Structures are given as structure tokens and as C-alpha cells.
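Below, chains carry the letters A, B, ... as their sequence lines are ordered, and counting in each starts from 1. Because the structure is a prediction, the values reported are computed rather than measured.
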Protein chains: 2
Amino acid sequence: MSLATDSADQPTLYKRIRADIEKRILTGEWPPGHRIPFEHELVARYGCSRMTVNKALSELAQADLIERRRRAGSFVRRPQHHSAVLKIADIRAEITALGRTYGYELIHRKLRTATVADCDRLGVKKAGKVVAIACRHSADNVPFAVEDRLIDLSSVPDAATADFSREPPGSWLLHHVPWTEAEHTISAIVADDRAAKALDIAVGAPCLVIDRYTWRSARTITAVRLLYPGDSHRLVARFKGG
Amino acid sequence: MSLATDSADQPTLYKRIRADIEKRILTGEWPPGHRIPFEHELVARYGCSRMTVNKALSELAQADLIERRRRAGSFVRRPQHHSAVLKIADIRAEITALGRTYGYELIHRKLRTATVADCDRLGVKKAGKVVAIACRHSADNVPFAVEDRLIDLSSVPDAATADFSREPPGSWLLHHVPWTEAEHTISAIVADDRAAKALDIAVGAPCLVIDRYTWRSARTITAVRLLYPGDSHRLVARFKGG
DNA sequence: TTGACTTATATGTCTAGACATATAATCGTG
DNA sequence: CACGATTATATGTCTAGACATATAAGTCAA
């Protein structure tokens with residue numbers, strides 16, 4: 001017993017089953033609440049074993065497209081309208097991907113014992129030493145973003161001696177610190193005097209702000225604020241939902 | 001042959017295997033590039049069948065934490081630093097979740113044949129009729145966001161007769177249109193005269209803008225621009241990466 | 001040294017079963 | 001009719017195999 005009902009199976013069978021169902025959901029043929037055929041029905045339709053259709057349905061459940069209920073069956077979920085995948089690229093990668101010349105400039109670097117404000121920003125009770133960095137990224141010699149960063153040296157001691165005059169701290173951290181988790185907060189402000197000068201825009205011009213707080217297994221790594229000219233930069237997020 | 005080496009298996013075995021490995025990656029014990037034990041090694045360690053460890057590893061690969069290479073093994077991926085899950089909640093849900101009173105007000109509603117600008121905004125060559133809506137959301141009677149929306153009636157005919165004076169178009173669409181895909185663009189602007197009046201903020205105050213373009217299987221559904229006061233609203237995105 | 005060929009092996013997919021478990025539906029009883 | 005006990009069933013997890021396939025590594029010839 002094997003093989004499917006129609007068409008050559010270039011992709012593997014479970015992928016085809018998954019794609020078939022996903023298509024019916026996305027076209028609206030199977031609206032939210034609709035019961036997906038039972039596993040044993042799909043087994044019959046595709047002429048395969050239950051593990052195969054189970055793998056397809058499990059992946060759909062993982063992607064939140066369907067909900068699986070014991071004894072009841074699998075149902076198309078109501079779209080969530082809640083989560084989108086936001087691509088926040090490394091700035092250098094983002095600029096070079098646009099075919100523009102990346103420029104980097106260290107404005108300020110200071111090693112100091114953490115102030116109360118620093119601790120607050122890093123979300124720690126008491127920190128030892130930190131590195132505070134201000135720098136600017138540019139595309140084709142036009143200011144692209146200014147970065148204001150704090151690195152917790154008790155988590156990343158090597159950062160004390162790293163040369164941030166050549167390499168942006170973001171790239172350096174990316175290569176020197178393994179997997180982390182982070183939280184981004186996006187907001188809008190108007191450029192004050194200092195920001196306007198750094199970004200070469202008018203005082204009062206809109207700016208997009210990304211605050212990123214990064215940690216690894218409960219240890220703070222770094223906190224950074226990125227300031228972009230609001231009219232020239234955009235964040236794009238794709239998603240599936242309602 | 002069954003059961004694992006240590007501790008009671010409250011979660012199922014494959015979940016425990018996945019969690020074990022994920023923990024070692026996230027703590028840095030297994031840095032990027034590190035080779036995960038082969039499936040047959042994990043089979044021996046956990047005393048289970050290969051399908052069980054395969055399921056654990058497959059899920060880790062799906063989450064981009066590891067990369068699997070035939071003949072070579074499975075490796076901890078270099079963190080991507082690229083994608084974050086951004087929660088963009090339904091405005092009503094967002095406000096009520098904060099324990100505040102949601103308010104809605106229809107400012108403007110017009111049914112018209114699509115202008116060139118409308119078609120451009122909807123990303124279609126030529127549209128028939130559209131509904132243009134302007135409305136305002138408030139929290140505890142304080143303006144929270146203004147919405148400027150276009151709905152393509154050739155895709156959603158029912159929207160022509162829907163009563164948007166009571167129900168926000170976002171909620172209505174959520175309940176009347178099945179699964180869709182969307183693209184969000186986030187940027188910053190300063191409030192012009194009209195926006196300032198609608199949001200009860202000063203002209204020139206920063207605003208966060210979300211432009212959302214929604215479609216279902218190649219058919220445009222709606223395009224909407226949401227304008228938030230930039231200092232009072234924040235978008236938060238969690239992620240795992242570098 | 002280099003390039004072509006062969007081989008070994010880890011993953012990718014799949015099977016035909018199994019038992020566990022949550023729960024919808026049914027049945028019985030007060 | 002309301003409510004508790006029972007049963008049927010769809011999913012959840014797992015096994016012990018199988019063959020396919022991409023490819024790293026080794027082999028050999030030019």
C-alpha cells in the first residue's frame with residue numbers, strides 16, 4: 001500500500017498533505033471552525049500510514065492553523081490577527097542587501113562602573129562594570145541610524161577589550177555571544193538637538209526607535225537603542241492570520 | 001526497551017529531549033557550530049526509538065535552532081538576529097486587556113468607485129467599488145489610534161452593507177473573512193493638523209504608523225493605516241536569536 | 001596535486017502496528 | 001429532567017523495523 005491519488009509527488013507525501021490542507025484553509029474553502037477530515041479518513045484518501053498524516057497535521061497545529069482536540073477531531077482555527085514575524089536585520093546586512101555602501105563610525109566609548117540608570121536600563125539589581133557605546137551607521141555616507149548601547153561586562157568580559165572603532169558592537173556581539181533571547185520595543189519620537197545632528201535631519205523630525213534588551217539564560221547581555229529617521233526607514237512584518 | 005535515564009517524565013519523552021537540547025543551546029553550553037549527538041547516540045542515551053529523537057530534532061530544526069545535514073549530523077545554528085515575533089493585537093482586545101474602557105467612533109464612511117490612488121494603495125490594477133472608512137479608537141475616552149481603511153468590495157461584497165457605525169471594521173473583517181495573509185510596514189511621522197486634532201495631540205508630535213495590507217490567495221482584501229501617538233504606544237516583539 | 005569514482009553513514013521519510021489519554025456521546029439512575 | 005458513570009473514539013506518543021538520498025570521506029588514476 002503506497003503512493004497518492006494524483007500528480008507526481010515531487011515533495012514528500014506529508015508535505016503534500018500539509019500543503020493541500022493549508023491551501024484549503026487559506027483560500028477560505030475550509031473556513032474557521034471547519035472540521036478537517038479525521039486522520040483515518042486522510043489515511044484512506046492518501047493511502048498512507050497514520051504517522052504520515054499525523055506529521056502533516058502536527059505541523060499545521062504547530063503553525064496555529066488548526067486546533068486538534070482529542071476525540072473531537074481537528075478544526076480550522078479562527079485567525080489570530082496577533083502575531084507577525086518582524087525581520088529586524090543586522091544593520092550592516094540590511095544596508096549591503098540594498099546594494100548600498102555601509103559606513104560605521106564610533107562616536108563614543110566609555111568603560112565605567114554601572115550607574116543606577118545603567119542598572120535600570122539593563123534590568124539588573126547591581127552591575128559591576130559596563131561599556132557604554134554610541135555609534136552611527138550610514139548608507140552611502142548618509143546617516144542611517146544612531147546606536148546607543150550598554151554592554152554588561154559581567155556577562156561579556158571580552159567586550160572590555162574589543163575594538164569597537166572598526167567593528168560595530170552589534171556585529172561583534174553576534175559573533176562572540178551564542179544564542180540569546182531578546183525583547184524589542186518599537187516607538188516613535190521626534191528628534192531632539194543631539195539626534196538631529198547625529199542623523200543630519202531637522203530638529204522635530206520623526207524618528208523610529210527600537211529598544212532592544214538582550215539576555216541569555218537569565219543573564220543580561222546588552223541593552224541598545226536604535227534611532228532611525230522615521231521617514232526613510234521602515235520595518236516590515238509578514239504574517240498569516242486575520 | 002523504554003523509559004529514560006533520570007527524573008520522572010511528566011512531559012512526554014520527545015519534549016524532554018527537545019527541552020534538554022534547547023537548554024544547552026540557550027545557555028551557551030553548546031555554542032553555534034557545535035555538533036549535536038547523532039540520532040543513534042541520543043537513541044542510546046534516552047533508550048528510545050529513532051523516531052522519537054527524530055521528532056525532537058525535527059522540531060528544533062523547524063525553530064531554526066539547529067541545522068541538520070545529511071551524513072554530517074546536526075549542528076547548532078548561528079543565531080539569526082533577524083526575525084522577531086511581533087504581537088499586533090486587535091485594538092479592542094489590546095485596550096480591554098489593559099483593563100481600560102474601549103471606545104469606538106466612526107468618523108467617515110464612503111462607498112465609491114476606486115480612484116487611481118485607491119488602486120495603488122490596494123495594489124490592484126483596476127478595482128470596482130471600494131469602501132473608505134475613517135474611524136477612531138479610544139481608551140478611557142482618550143484617543144488611542146485613528147484608522148484609515150480601504151476595503152475592496154469585489155473581494156468582500158458584504159462590507160458594502162455592514163454597519164461600521166457600531167462595530168470597528170477590523171473586528172468585522174476578522175469575523176467575516178477567513179484566514180488571510182498580510183504585510184505590515186511600521187514607520188514614524190509627525191502629526192499633521194488633521195491627525196493632531198483626531199488624536200488630541202500637538203501638531204508635530206511623533207506618531208507611530210502601521211500600514212497593513214491584507215490579502216487572501218492573491219486577492220486584495222483591505223489596506224489600513226493605523227496612527228498611534230508615538231509616546232504613548234509601543235510595539236513589543238519577543239524573539240530568540242543573536 | 002587534482003579530479004573522478006566509490007563507499008560509508010546520518011538524516012529523511014515511511015510503515016503497520018501498539019497502548020495511553022482526554023473527552024464527546026451515550027446510558028442509567030435518582 | 002438533571003447528573004453521574006460508562007463507553008467509544010480521535011488524537012498523542014511510541015516502537016522496531018525499512019528503504020531512499022545526500023554527502024563527507026576515502027580511493028585511485030591521470
task = Rounded to the nearest angstrom, tell me the gap between atom CD in B:E41 and atom P in C:dA10.
result = 8 Å
query = When the distance from CD of B:E39 to C1' of D:dA16 is rounded to whole Å, what number comes out?
reply = 15 Å
ask   = How about B:C48 and B:V53: do any of their side-chain heavy atoms sit closer than 4.5 Å?
value = yes
query = According to a strict under-4.0 Å criterion, is A:T12 in side-chain N/O contact with OP1 or OP2 of C:dG12?
reply = no
remark   = Taken to the nearest whole Å, CG/B:L42 to P/C:dT11 is 9 Å
inquiry  = Exactly one of A:R92, A:E105, A:E147 should register a side chain to side chain contact (heavy atoms under 4.5 Å, CB included) with A:H137. Which one does?
reply    = A:E147
Distance, rounded to the nearest Å, where B:E59 contributes CD and D:dT13 contributes C1' = 12 Å
remark   = Testing C:dT15, C:dT11, C:dA25 for proximity to the side chain of A:R71, the answer is C:dA25
inquiry  = Please confirm whether the shortest side-chain N or O distance from B:K15 to OP1 or OP2 of D:dT13 is below 4.0 Å.
reply    = yes
Nucleotide of C:dT15, D:dT11, D:dT13 approaching A:F38 most closely (side-chain heavy atoms) = D:dT11
query = A:R50 has an atom CZ; how far is it from atom C1' of C:dA20, in whole Å?
reply = 11 Å
request  = Using whole Å, report how far OH of B:Y46 lies from P of D:dT15.
outcome  = 14 Å
message = Less than 4.0 angstrom between a side-chain N/O of A:K55 and OP1 or OP2 of C:dT13, yes or no?
response = yes
ask   = Under the 6.0 Å and 45° cation-pi test, does A:R69 pair with A:F75?
value = yes
task = Would you mind classifying the nucleic acid contact of A:S74 as base, sugar-phosphate or nothing, using non-hydrogen atoms under 4.0 angstrom?
result = sugar-phosphate
query = A:P168 versus A:Y102: any side-chain heavy-atom pair under 4.5 Å?
reply = yes
message = Looking only at the side chain of B:M51 (C-beta and beyond, no hydrogens), which of the listed nucleotides C:dT13, D:dA22, D:dT11 gets closest?
response = C:dT13
message = Can you tell me if B:S49 touches the phosphate of D:dG17, counting only side-chain N or O atoms and a distance under 4.0 Å to OP1 or OP2?
response = no
ask   = Would one find a side-chain N or O of B:T52 under 4.0 angstrom from OP1 or OP2 of D:dT15?
value = yes
request  = Can you tell me the distance, in whole Å, between the CD atom of A:Q62 and the C1' atom of D:dT11?
outcome  = 16 Å
ask   = When you measure from the side chain of A:H40, which nucleotide among C:dT15, C:dA24, D:dA10 comes out closest?
value = D:dA10
key: Nearest-neighbour nucleotide for the B:R70 side chain, C:dT13, C:dT11, D:dC14 considered   = C:dT11
query = B:R69 side chain N/O closer than 4.0 Å to the phosphate oxygens (OP1, OP2) of D:dA22?
reply = no
Integer-rounded Å distance: C:dA16 C1' and A:N54 CG = 14 Å
task = Would you check, one step at a time, whether the test salt bridge (charged side-chain N to carboxylate O under 4.0 Å, His left out) holds for B:E59 with B:R18?
result = CA-CA 8 Å; B:E59 288 193 4; B:R18 180 161 67 71; 2.7 Å; yes
inquiry  = So A:R225 and A:V209, do their side chains get closer than 4.5 Å, heavy atoms only?
reply    = yes
Of A:Y14 and B:A72, the one whose closest DNA chain C nucleotide lies more 5' = B:A72
